[in-house]
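Worksheet: one structure, shown below.
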Amino acid sequence: MNDLTTYEKLPQSFYEREDVVQIAQDLIGKYLVTNIEGIITVGKIVETEAYCGRNDKACHAFLKRTKRTEIMYARGGHAYVYLCYGIHHLLNVVTNKEGLADAVLIRAVEPVINVDGMRDRRGVEITGKRLTAGPGMLSQAMGITTRLNGMDLLGDILWIGQQNSQAQVDIVSDVRIGIAYAEEDALLPWRFYEKDNRFVSKVKKN
DNA sequence: TCTAAGATGGGT
DNA sequence: CCCATCTTAGAA
């Protein structure tokens with residue numbers, strides 16, 4: 001059941017590519033895996049957003065390199081996890097070369113392995129799409145906290161895999177969510193999600 | 001030290 | 001649709 005051998009770990013080269021928007025798109029249909037203190041969970045990535053450090057006002061690293069954003073400047077293939085609204089842990093995948101602060105926010109996954117474990121973390125009364133249909137929810141379900149900030153995605157705690165024969169997924173692009181402060185950059189179609197997947201997060205008005 | 005967010009989520 | 005959220009980064 002918990003057979004991870006069918007998930008091939010994405011290589012370093014996947015994350016070091018220059019086009020963060022392309023990477024965000026490519027991550028749809030891949031599998032997010034966590035092994036937190038022996039508890040393994042896997043979710044299929046169904047929604048992502050791209051953030052570009054150099055020309056995107058919505059990006060935390062735009063025009064600033066601080067303690068929090070430092071990890072985004074590392075080479076691709078690391079996790080950037082930060083706390084939002086004091087409560088929610090949000091997972092990003094750092095991309096591009098060292099010194100170029102790009103990242104992809106993982107906004108939603110569809111539970112694949114260990115749904116019970118996810119429910120244990122979310123709360124017994126939580127079922128269905130309320131399990132992982134949002135960036136804060138999926139982090140809680142998969143045991144992701146700011147302790148995992150800076151984690152190497154080629155390690156064995158937190159990584160992303162693909163299946164040999166990946167099913168064809170219909171990908172839709174749209175504007176990103178909750179970034180009205182980014183002015184004209186809020187209009188960039190840098191959110192991607194799998195069409196008709198019920199775990200895609202609810203669209204929120206900006 | 002202090003202040004002000006802030007890539008949300010849940011309830012009505 | 002409305003609003004509680006509360007830790008922490010970032011500045012002074």
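In what follows, chains carry the letters A, B, and so on, assigned in the order in which the sequence lines appear, proteins first and then strands, with residues in each chain numbered from 1.
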Of the options B:dA7, B:dG9, C:dA9, whose atoms approach the side-chain atoms of A:H60 most closely? B:dA7
Using the P atom as the reference point in each nucleotide, state the distance between B:dA7 and C:dA11 in Å, no decimals. 15 Å
Closest listed nucleotide, where the reference is the side chain of A:P135 and the choices are C:dT8, B:dA7, B:dG9: B:dG9
Please pick, from B:dT8, C:dT8, B:dG10, the nucleotide with the shortest atom-to-atom distance to any side-chain atom of A:R130. B:dG10
Please state how far atom CG in A:L105 lies from atom C1' in B:dT8, giving the value in whole angstrom units. 11 Å
Tell me the interatomic distance from A:M72, atom CE, to C:dA9, atom C1', rounded to whole angstroms. 15 Å
Heavy-atom closest pair, residues A:A108 and A:G134: CB-N, 4.1 Å
When the C1' atoms of C:dC3 and B:dA5 are considered, how many whole Å apart are they? 16 Å
Side chain of A:I179 - closest among B:dG11, B:dA7, C:dT5: B:dA7
Whole-Å distance, A:Y80 OH to C:dT8 C1', equals 12 Å
Base, sugar-phosphate alone, or nothing: which one does A:I87 contact when heavy atoms must sit under 4.0 Å apart? sugar-phosphate
Separation of A:K64 atom NZ from C:dT8 atom C1', in whole Å? 15 Å
Starting at NZ of A:K202 and ending at P of B:dG11, how long is that distance when rounded to a whole Å? 11 Å
On a plain distance test, is the side chain of A:H88 in donor-acceptor contact with the base of B:dA7 below 3.5 Å? no
Interatomic distance, A:H89 NE2 vs C:dT5 C1' [rounded to whole Å]: 13 Å
Between A:E70 (CD) and C:dG10 (C1'), how many Å, whole number? 15 Å
Could you please name the partner base of C:dG10, counting Watson-Crick and G-U wobble pairs only when both distances are under 3.5 Å? B:dC2
Salt-bridge present (A:R176, A:D185; N to O < 4.0 Å): no
If you check every side-chain atom of A:Y85, which of C:dA9, B:dG6, B:dA7 has the closest atom? B:dG6
Looking at C:dT5, which nucleotide sits across from it as a Watson-Crick or G-U wobble partner, both distances under 3.5 angstrom, or is there none? none
Please measure how far the P atom in B:dG6 lies from the corresponding atom in C:dA12, and state the result in whole Å. 16 Å
Salt-bridged, A:R198 to A:E110, with N to O below 4.0 Å? no
Is the ring pair A:Y31/A:Y7 parallel, tilted or perpendicular, if the boundaries are 30 and 60 degrees? tilted
Any ion pair linking A:K9 and A:D156 (charged N to carboxylate O, less than 4.0 Å)? yes
When the distance from CG of A:L83 to C1' of B:dG6 is rounded to whole Å, what number comes out? 10 Å
Does a side-chain N or O of A:T66 approach OP1 or OP2 of C:dA9 to a distance below 4.0 Å, or not? no
Have a look at A:R122 and say if it touches a base, only the backbone sugar-phosphate, or nothing, with a 4.0 Å heavy-atom cut-off. sugar-phosphate
Glycosidic conformation of B:dA5, taking syn as within 90° of 0 and anti otherwise: anti
What distance do A:M72 atom CE and A:F62 atom CZ have between them, rounded to the nearest 0.5 Å? 12.5 Å
C:dT7 OP1/OP2 closer than 4.0 Å to side-chain N/O of A:Y82: no
